[in-house]
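What follows is a short report on a single structure.
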Amino acid sequence: MARIRLENLKKYYGRVKAVDDVSLDIQDNEFIVFLGPSGCGKTTTLRCIAGLESATDGKIYFDDRMINDYEPADRNIAMVFQFYALYPHLNVYRNISFPLKAEKMPAPDIKKKIKWVSELLRIESILERKISELPDGDKQKVALARAIVRTPEVLLLDEPLSALDEKFREQMRIEFLRIQRALNVTTVYVTHDQREAMTLADRIVVMKDGKIIEFGEPARLYETPHNLFTGYFIGSPGMNFFECIGKKDGTFGVKTGEVIHFSESQQKKLKELQIEKFIVGIRPEYLFFNENVDESANHYKVRVINTERIHEINFGNFYIGDILCKCFLTSEVVSGGFEGFVSCNDEKICFYNPESGHIL
Amino acid sequence: MLKLQNIFKSFGDVNAVQDLSLEINEGEIFVLLGPTGAGKTTTLKITAGLIQPEEGNIFIDNNDVSEVPPAFRNISFVFESYNLFPIYNVYDNIAFALRSRLLQIDTDEIDKRVQSFSRDLHIESLLDRPTSTLSGGETQRVALARALVREARLNLFDEPLSNLDLKLREELRVEFKELHKKYKSTIFYVTHDHDSAVSIADRIGILYKGKLHQVGMPDDLIGNPNSIVVASLINYPAINVLDCTLVGRKLNINGKTTLVELTEAEVSSIEKNMKAKEFQIGLKPRSIFIGKKKDLINISGKVLHTEYQGYNKVINLDFMGLTVRLVTNQAVRLEDGSTIDVHFAKEDMLLFDRKNGARVL
């Protein structure tokens, strides 16, 4: 249990800015997920918190202690890696007890601790089994048990599910959440899988190119991403984005000239913002296809070129100008090539600045 | 086009592939889906001729190629770990197989094909780069180009997307499908990722512990699985599995609570095939709905936790000590610990024999 603060953290490898001025305040007991594509700096940031990398610049605090100069062993953290790093020839019990023996904990206490942690992770029945005999999901549970048996203040997890089969991953996500809630430990979890992030996190840190793009609760990041990248990266499929230009006659169109109809209230909002060029962001599932048009709603005339089924929901692909977009299809539709309109509600549209990518 | 007939292969005590027979049609994407260790890669390697089966035959275009060496089977192979030549640039990697003396393709034709596939895979700007300087996604595109450029009779893909970020994987899947529309090559693809399987496959085969359990179009497998193995591998989110016992016409949970009463006809159709009384109910999270509804099966449970996944929410319910998950896109906010009513239709309930996992209803 500790509050973690990063102050202008930087980590450079030569000219590469792996972590580029990251500041962050993580609350006590919070479950934080660092989310981003490969090379965004999420793992490097985690390794700086663990003390496995020394920061080029900036400060790391656990509560009020600045811990930059602490050795990893003195930080009271536990870390779980993608590859479990267990002792394959030892049984589960001895793997978990290893860090406790290293601390020279008396044997009865070790026993108590292992009873507690194995009940928490529901691995009582496999304590005598050898690591090499276990399925991958159980190995990762043992790795987690070994990490938390010392009751660390901070739990760090580096893509712990990436090496597992999809099937195990879904089960383990639920397990992780249950265990973290039961433990009350400040947790930082690194992943590129937005589904994991959405399911697990109290708050998500979206990273790209060594920088924090956005920091917030999953629902907020999904519904109203403050940055284009967040809208693209979170959600499957991601948000639709297309550029829109305000014309002299008060209408709006895309780059290639087609007209976008906005509702009256949206037009008023756009007038108040006083911008000529902006990017419209809208989630595919909030964009409905219909053969008929409701003139008062936001709408655009489209030709659906093909359909796609994602998680048992049908989506239609179509172009807005020259940008490929997706919309929700309510009925089972034919193989494509049909015309109609897509429309959406006001509150589901986000407007972005085309230069900065920030929400307007 | 490809036919595998009664293939057996074991490694020591492990039966990697057991009596596997399947046929792949010209121009289709056939996906073999199964967990780690199911025998997927072994099956691919046997098809390619990299592993010799103990029994069984392999036919390509009705010719028995079981004894034909890999190089003469006219098959391309993309491995999970890509295996590009790090010392060559992208162009030379893609052109490599075409330059084989076996093929005798002239340099202009090679160039034409390399350029054309590079354009389709959006790597034309990378052709001069050494492959060691590429990102994960770029490397994957080069590996795909190198395989497809050969225009082999059959293309084998071993988890080609599993090392990529989720987002990149989703994007490449769409491109892969588009590319296939253009070239209509025959593709044999193995993966453990149901999302990839469902989104790219024309047909899917479910492989588990070396045995092929079911083959069909994605929707067939989702709607009509023949066993609990298929149902639990193909569904996302995972299907709910509830142990139950048949007492008379009643399906009881936890030994006493009756969940549903079957009709005489249903009971007799079950009993015709087996004497078992122990079953498992399979219920898809998408088949369960919030609220009470007359004439449907109503249960209530305590909300354990809601997984927010954007448009969808996965609600975890405690139902008599069992965890039941359901998916909703309703704009509801459910407090953890509150009790809610949910319902489902009897037709959406799948029934499996608890012993051997076979579908009984």
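Per chain, numbering begins at 1; letters A, B, ... match sequence-line order. Computed from a predicted model, the values in this text were never measured in an experiment.
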So does [X] have more than 12 non-hydrogen atoms from other groups sitting under 6.0 Å from [atom1]?
| X | atom1 | value |
| --- | --- | --- |
| K17(A) | NZ | no |
| E119(A) | CD | yes |
| Y208(B) | OH | no |
| M320(B) | CE | yes |
| F79(B) | CZ | yes |
| K130(A) | NZ | no |

Going by heavy atoms in the side chains, are [X] and [Y] under 4.5 Å from each other?
| X | Y | result |
| --- | --- | --- |
| D195(B) | E166(A) | no |
| R181(A) | D336(B) | no |
| S236(A) | E170(B) | yes |
| T36(B) | F168(A) | no |
| V174(B) | E308(A) | yes |

Among [options], residue most engaged with chain A (heavy-atom pairs, under 4.5 Å):
| options | result |
| --- | --- |
| S199(B), G137(B), P35(B) | P35(B) |
| S232(B), P218(B), S135(B) | S232(B) |
| L233(B), V198(B), D219(B), L304(B) | D219(B) |
| Q309(B), R286(B), E171(B) | R286(B) |

Shortest non-hydrogen contact from [X] to [Y]?
| X | Y | value |
| --- | --- | --- |
| R195(A) | Y236(B) | CD-OH, 3.5 Å |
| M198(A) | Y308(B) | CB-O, 3.2 Å |
| T199(A) | H305(B) | O-NE2, 4.0 Å |

Heavy-atom donor-acceptor pair, Y222(A) side chain to Y311(B) backbone, under 3.5 Å: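 Confirmed, Y222(A) side chain pairs with Y311(B) backbone.
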Is there a donor-acceptor pair closer than 3.5 Å between any side-chain N or O of D165(A) and the backbone N or O of H192(B)?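 Such a contact is absent between D165(A) side chain and H192(B) backbone.
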Please state whether the side chain, the backbone, both or neither of L168(B) comes within less than 4.5 Å of a heavy atom of chain A.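 Contact with chain A involves no heavy atom of L168(B) at all.
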Heavy-atom contact with chain A under 4.5 Å, split by part of E178(B):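 Contact with chain A: side chain only.
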Structural part of [X] lying under 4.5 Å from a heavy atom of chain B:
| X | result |
| --- | --- |
| Q194(A) | both |
| Y232(A) | both |
| R169(A) | side chain |

Between CG on residue N329(B) and CD1 on residue I313(A), distance to nearest 0.5 Å: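 Answer for the CG-CD1 pair, N329(B) versus I313(A), is 6.5 Å.
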To the nearest 0.5 angstrom, please state how far the CZ atom of R178(A) sits from the CG atom of N316(B).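 Rounded to the nearest 0.5 Å, the CZ-CG separation comes to 12.0 Å.
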Set out, in order, the CA-CA distance, both residues' side-chain angles and the distance that settles side-chain contact (heavy atoms from CB on, under 4.5 Å) for R173(A) and V314(B), then state yes or no. CA-CA 12 Å; R173(A) 283 210 294 263; V314(B) 181; over 6 Å; no
Which residue pairs pass the salt bridge (charged side-chain N to carboxylate O under 4.0 Å, His left out) test with at least one member in residues 319-330 of chain B, sequence neighbours excluded?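 Qualifying pairs: E170(A)-R325(B), E307(B)-R325(B).
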Who among L164(A), D193(A), L200(A), N317(A) has the most heavy-atom pairs with chain B under 4.5 Å?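 Highest number of pairs under 4.5 Å: D193(A).
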At a heavy-atom distance under 4.5 Å, which candidate from L221(A), I174(A), I234(A) has the highest pair count against chain B?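 Between L221(A), I174(A), I234(A), the count favours I174(A).
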